[in-house]
Structure formats: C-alpha cells, structure tokens
Amino acid sequence: MRDFLARLALNDDSVAAALRVVDYFDALDARGVGPEAYVRGAAALTGRVVGVRHPERGLSLRVAAGGERIRDSSPAELDETWPRVPLGAGGDGWAWIETEQLDATHGLVLERVAHAVRRWADRLDALAPDPRQAWATLLNDPIPEERRRQLFSALKLDATRTYQVVAHLPADAGDGLHATAVVRGVEVGATIRPAPVEMDSQVGGQVRFGIGPAVAVPELLWSWKRAVIVLRMARPGEALVWDKLGVLAPLFLRARTEEILESPVVSAIEAGNLPWLDQTVTAVTQTGSVRGAADLLGLHHSTVQKRIDRLQQQFNLNLGNARHAYHLWLACAAHRYASFGTPENLEQDVRLTPRPFDDPAR
C-alpha cells in the first residue's frame, strides 16, 4: 500500500503531503516519544501553532511553527474556526491547529496527534514500576505532580544518596539507570549515576558528555536539564561538568537559540567556515600567547599567528587582549550550544529522521 501511495505522490502534491505526514508520525511512533514531540512535529508540518489540552492528565501544550514551546497557557476557549479533534477526556480535551486557512493534511495531522495523546494517557494508567520505563517517562512525558512522585519512587534509588545525571552522545546505555530523550532532534542518552561522577575532561573519540550537578532523587530532572546544557556546549571527545563551569553554564538556562544566533559575533562564526576557529581560540585563551597556543595545538607558531591575524581582521578584535580573546571564546561556546543538532555540529548523523523543522538558522 505504501509503495502504491509513493507512486501516486509523484504526480499528486496532496498525496505527497499526506505521505510525508504519515512517515513523520510513524517515525515518532517507533521512538515511543511523549506528546510534546508530536505537537512540535505537527506545528512544523503545518507551519502553524498547534496545541493540546488534556485536563485529566494535567497536559496543556502549545507549540509555535518554529518548534518552540509557547509558555503562555492555552486559550480559555478555542476559536470555532480552528480545526480540532476531541481527545475523549470528558469533553474538555482537544487537539487543535490555530488557523482559519484549512489544509487537506490538517485532519490527518490532528488525528495522529490525538491518537498519540490517548496512547500516552493509557501508558500512564498501565505504567509498571519498572525503573527504566519510569525514567523514560519522566524524561519524555509531561507528568502531573502526583504521578511524578510515584515515578521517582519507581526508580528504586537510595533516597539517602545524591545522584548526577549524565547526558551523552551516542545515546548507548552505559553504567547506571539509562533512558533516552530527544534534544533538538537528536536522541541523547540520560544516565543516572551515584555522585560523585568521576570522568576525565578529554575522553577522546566522538563521544560527548554533559554531567549535571549532584541532587536528591526528586531533583533528577533539574540535574538533567543542566546536563543537557553542558552537553550542547561540549566538543566531540569532551566531557563537561556543570559544577566546573562556574558562572558560564547558568547563562544558558534561559537562552533562546534564535537570539544567540542573532548575535553578530556568533553569526560571523556560523558563516565563517573556519573549522579551526574553536580550537585555536581555546588554545590562545588557555595559554595567553601564540607560542603557547602553538605548542598546545602541535603547530608551528607562524601557522597559529596567521590564524590569529585572520580572526582579528574578520571579527575586529585584538586577541592579544585577554578580554577580546575571552569574548570570542565565549561566542564559540554559545555557537556550539545553539548549533547542537545540526549536521555541522555532529560528526556523525544521529538526528531522528524525518525532521521537517531542521533549520540551521534556529
């Protein structure tokens, strides 16, 4: 049947659009993600704000077309002109698209979102107290407070100890309680390990680690959020620890990707096509001199000097000035954070596919 539809899609744009919707949501179904991933995908596919409301489960989501969650509460009353479908939640549960311009795919998109939300609600009702399943649910699903406490208990961790969440790429399971979550279209591993987590900052290869702060069991999602921030700042082969980044990491707690990329220096990094920029600026910042940077990089000092001359001209900075060098180093860290999930940022393609809202400008 799918082959038949694919042949039809070659000559019929509406069939092609419907097939794209089916393929996208089938990929999400295979991953077992929560409602927010479906709503985000629906917003990207339709180019409109999409929302769901399920009062019995404490679920209220609205996502903009660009994939950003809208923090405002959902509308008190839905506009009668918006396409919508009921969730079967006592008459108050709905999935909707905020548009008056109807499209042939809107009904299909809403049915897939509604089906996903119903399946998520059923999964909560039938949740077995398996620690890995409980951790995956906490990471991926919007959970009411009472249910969240039950799931933390189901992790079966020692309440007298503290733990750290390690976010990592690739997402393969390691030591500790493990699950995965999607971060900007990338499947990221989330492993709970007893504190303190000891790890070299340079781990080599293409793996990356972000290590969150030590917390009690009920605060594990707090540690996870911070682990993701430092993971997004890490280079391939690097492990970054939240507690060791001082005031730098908290600056990104409320950072918006699009606002970071609007910075003139970060925009210049994005457009500069200078693969050696990050490591060169880091070496200069660490050593404070051209020769020290050259020794650290294993290059001739004239090569490093040529790089610095080019950077100074391109960014209108004096890298002999420690403040200017640190300014460019911070911009590099911000660029790594903002570009996480793009092909240029990843040495290997670990993105979920299809991902219709992939946009290097975000």
Side-chain angles (χ1 to χ4, degrees), residues 24-41 52 54 57-59 61 63 67 69 112-113 115-159 161 163-195 197 207-212 215-232 340-341 350-353 355:
Y24 182 75
F25 286 114
D26 283 352
L28 291 185
D29 289 346
R31 289 291 181 182
V33 297
E36 186 165 351
Y38 286 87
V39 178
R40 186 180 294 112
V52 296
H54 196 311
R57 299 293 176 213
L59 174 63
L61 286 172
V63 177
R69 184 170 177 176
R112 294 300 296 265
V113 171
H115 179 68
V117 173
R118 295 184 196 112
R119 191 170 60 246
W120 163 76
D122 291 342
R123 189 164 72 241
L124 285 184
D125 290 337
L127 180 65
D130 172 75
R132 290 187 62 181
Q133 187 179 16
W135 180 224
T137 303
L138 284 163
L139 288 171
N140 292 291
D141 294 347
I143 306 294
E145 183 61 33
E146 181 178 352
R147 176 69 72 169
R148 187 180 295 121
R149 288 195 295 269
Q150 295 172 350
L151 292 173
F152 278 124
S153 176
L155 298 179
K156 299 181 180 179
L157 297 172
D158 186 346
R161 298 194 61 171
Y163 296 85
Q164 291 171 268
V165 180
V166 180
H168 52 90
L169 281 177
D172 303 338
D175 295 334
L177 183 57
H178 170 80
T180 63
V182 178
V183 178
R184 288 186 60 78
V186 178
E187 187 176 35
V188 172
T191 301
I192 303 172
R193 297 175 60 178
V197 173
V207 297
R208 307 186 202 188
F209 294 94
I211 304 172
V215 295
V217 173
E219 302 299 325
L220 284 170
L221 293 178
W222 190 87
S223 181
W224 159 248
K225 181 178 181 180
R226 285 149 181 79
V228 168
I229 288 174
V230 291
L231 174 72
R232 291 178 63 175
F340 182 85
V350 295
R351 293 173 299 155
L352 297 180
T353 54
R355 185 180 181 227

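In what follows, residues are counted from 1 in the order of the sequence shown. Just so we're clear, the structure is a prediction, and the values are computed from it rather than from any experiment.
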How long is the straight-line distance from OG1 of Thr137 back to CD of Gln150, given to the nearest 0.5 Å? 12.0 Å
Under 3.5 Å: donor-acceptor pair, side chain of Ser223, backbone of Val165: yes
Please walk me through it: do Leu61 and Arg40 pass side chain to side chain contact (heavy atoms under 4.5 Å, CB included)? CA-CA 10 Å; Leu61 286 172; Arg40 186 180 294 112; over 6 Å; no
Is there side-chain contact between Val207 and His168, with at least one heavy-atom pair below 4.5 Å? no
Note, Val183 side chain near Leu231 side chain (heavy atom, < 4.5 Å): no
Gly212 and Ala227 have their tightest heavy-atom pair at N-CB, 3.6 Å
Indicate yes or no for a side-chain donor-acceptor contact from Asn140 to the backbone of Thr180 under 3.5 Å, with no hydrogens or angles considered. yes
Kindly compute the distance separating CG (Leu220) from CD1 (Ile192), expressed to the nearest 0.5 Å. 4.5 Å
So, taking the atom named CG in Leu157 and the one named OH in Tyr163, what distance separates them when rounded to the nearest 0.5 Å? 4.5 Å
Assign the ring pair Phe25 / Tyr38 to parallel, tilted or perpendicular, where the plane angle (0 to 90°) is split at 30° and 60°. parallel
Stepwise, does the side chain to side chain contact (heavy atoms under 4.5 Å, CB included) test hold for Phe152 with Leu221? CA-CA 10 Å; Phe152 278 124; Leu221 293 178; 4.1 Å; yes
In this structure, CZ of Arg31 is separated from CD of Glu187 (nearest 0.5 Å) by 4.0 Å
Could you measure the distance from the CZ atom of Arg112 to the CG atom of Leu28? Nearest 0.5 Å is fine. 8.5 Å
Distance-minimising heavy-atom pair for His178 and Arg132: O-NE, 3.4 Å
Measure the shortest side-chain to side-chain distance between Asp175 and Thr191 over non-hydrogen atoms and say whether it is less than 4.5 angstrom. no
Between Val228 and Phe340, is a side chain to side chain contact (heavy atoms under 4.5 Å, CB included) present by the stated rule, with each step listed? CA-CA 10 Å; Val228 168; Phe340 182 85; over 6 Å; no
Between Gly210 and Val230, what is the shortest heavy-atom contact and its length? CA-CG2, 3.5 Å
Correct closest heavy-atom pair for Tyr24 and Ala37 would be OH-O, 4.2 Å
Which atom pair, heavy atoms only, marks the closest approach of Pro142 to Trp120? O-CZ2, 3.0 Å
Closest non-hydrogen atom pair, Leu151 against Ala134: O-CB, 3.8 Å
